[in-house]
Number of protein chains: 2
Amino acid sequence: MSKKNSSKPTDGELEILQILWEHGSVSVRFVNDALNEKYPKEIGYTTTLKLMQIMLEKGLVKRNTDSRTHIYSANIEESETQEKLLSQFVDSAFRGSAMKMVMQALGNHEASKKELDEIKALIEKMEKKS
Amino acid sequence: MSKKNSSKPTDGELEILQILWEHGSVSVRFVNDALNEKYPKEIGYTTTLKLMQIMLEKGLVKRNTDSRTHIYSANIEESETQEKLLSQFVDSAFRGSAMKMVMQALGNHEASKKELDEIKALIEKMEKKS
DNA sequence: ATCCTTTTACGAATTTTTTCGTAAATTAAG
DNA sequence: CTTAATTTACGAAAAAATTCGTAAAAGGAT
């Protein structure tokens, strides 16, 4: 039975999770480099390390300590996490109206024909269900 | 010229903004009552007051001090704020893929026929543009 | 006028999140 | 082997966000 942690990862934690989701199993050094590539403001190595150690305690990541450089990977699923974050975000920023948010997102985004087709397909599937 | 504040409102601030966007011009007491109605854990009156005073300094809200009970209202637009928050959220939680997020939102949400029709109309409009 | 309640202002305590300095351990280089 | 570089562990400082206690001011009730 998994203990559900209703508190969401902090911004910093989410940044690291993104890297882990994208790259799988990596060292602290790798994550720190990735962060510093992304941001102008240099982030200290021990800062990243500490954050990842905290995330380990919280169960957000797991690690392999066989070799000296510990190898970390995500311990929560990306899509599940996105689902939770999304619902909280819709509540906090769009007063619970997912549709309002979808409309805003669609309106602001330059969607490709393929993407629009996918959405249309999804909508048709939903219409059949009802 | 409006100074663009790229830092997003905190969770607490956003909660209060929601109430202001929904109800317009209201007192601190009103906001505090609304918050306490929403949450099990009682929030002290002065806590809400202080937060709103800070928001005033930041320019997130404005107030009318003609009468003793000051009347606050939002000083930033809901849709503009939503737009900013949405783009930041897509970046931080969906690695920038708005479409992935839209799909997730559509999939998880029980949409009414009317809502689906609106989206279809929006998609058609977007297809014409391209 | 006096008392009671509400509201504001202010400062500070608390909690959460982020950041980093330092030391010890391990590995790599010469 | 000795030195230098890398990594972990740990604690604590710094920064950001939240919470509240207290006092003074303003109104309302009797």
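Only this structure's heavy atoms are used, side chains among them; waters, hydrogens and symmetry mates stay out. So you know, we letter chains A, B, ... as the sequences are listed, proteins then strands, and number each from 1.
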Whole angstroms only, please: what is the [atom1]-[atom2] distance between [X] and [N]?
{"X": "B:Asp11", "N": "D:dT18", "atom1": "CG", "atom2": "P", "value": "7 Å"}
{"X": "A:Leu60", "N": "C:dT17", "atom1": "CG", "atom2": "C1'", "value": "14 Å"}
{"X": "A:Ile43", "N": "D:dA15", "atom1": "CD1", "atom2": "P", "value": "16 Å"}
{"X": "B:Met55", "N": "D:dA16", "atom1": "CE", "atom2": "P", "value": "18 Å"}
{"X": "A:Asn32", "N": "D:dT8", "atom1": "CG", "atom2": "P", "value": "11 Å"}
{"X": "B:Ile16", "N": "D:dT19", "atom1": "CD1", "atom2": "C1'", "value": "12 Å"}
{"X": "A:Glu57", "N": "D:dC10", "atom1": "CD", "atom2": "P", "value": "10 Å"}
{"X": "A:Leu49", "N": "C:dC20", "atom1": "CG", "atom2": "P", "value": "13 Å"}

State, to 0.1 Å, how close [X] and [Y] come at their nearest heavy-atom pair, and which atoms those are.
{"X": "B:Leu20", "Y": "B:Ser73", "value": "CD1-C, 3.9 Å"}
{"X": "B:Tyr72", "Y": "B:Val28", "value": "CE1-CG2, 3.5 Å"}
{"X": "A:Ala34", "Y": "A:Ile19", "value": "CB-CD1, 3.8 Å"}

side-chain N/O [X] vs [N] OP1/OP2, d < 4.0 Å:
{"X": "B:Tyr45", "N": "C:dT8", "result": "yes"}
{"X": "B:Thr46", "N": "D:dC20", "result": "no"}
{"X": "B:Lys41", "N": "D:dT19", "result": "yes"}
{"X": "B:Thr10", "N": "D:dA17", "result": "no"}
{"X": "A:Arg63", "N": "D:dA9", "result": "yes"}
{"X": "A:Gln53", "N": "D:dC10", "result": "no"}

N-O pairing of A:Asp91 and B:Lys38 below 4.0 Å: no

Is it true that a side-chain atom of [X] and a backbone atom of [Y] form a donor plus acceptor pair closer than 3.5 Å?
{"X": "A:Ser27", "Y": "A:Phe30", "answer": "yes"}
{"X": "A:Asn36", "Y": "A:Glu42", "answer": "no"}
{"X": "A:Gln82", "Y": "B:Met101", "answer": "no"}

Which of these nucleotides, [options], is closest to any side-chain atom of [X]?
{"X": "B:His70", "options": "D:dT7, C:dA9, C:dT7", "result": "C:dA9"}
{"X": "A:Leu51", "options": "C:dT18, D:dT19, C:dT7", "result": "C:dT18"}
{"X": "A:Arg29", "options": "D:dG11, D:dT8, D:dT7", "result": "D:dT7"}

Touch class at under 4.0 angstrom, heavy-atom based, for B:Thr69 against every strand present: sugar-phosphate

Separation between CD1 of A:Ile119 and CE of B:Met99, rounded to the nearest 0.5 Å: 4.5 Å

Protein N or O to nucleotides 27-30 of chain D N or O, pairs below 3.5 Å:
none

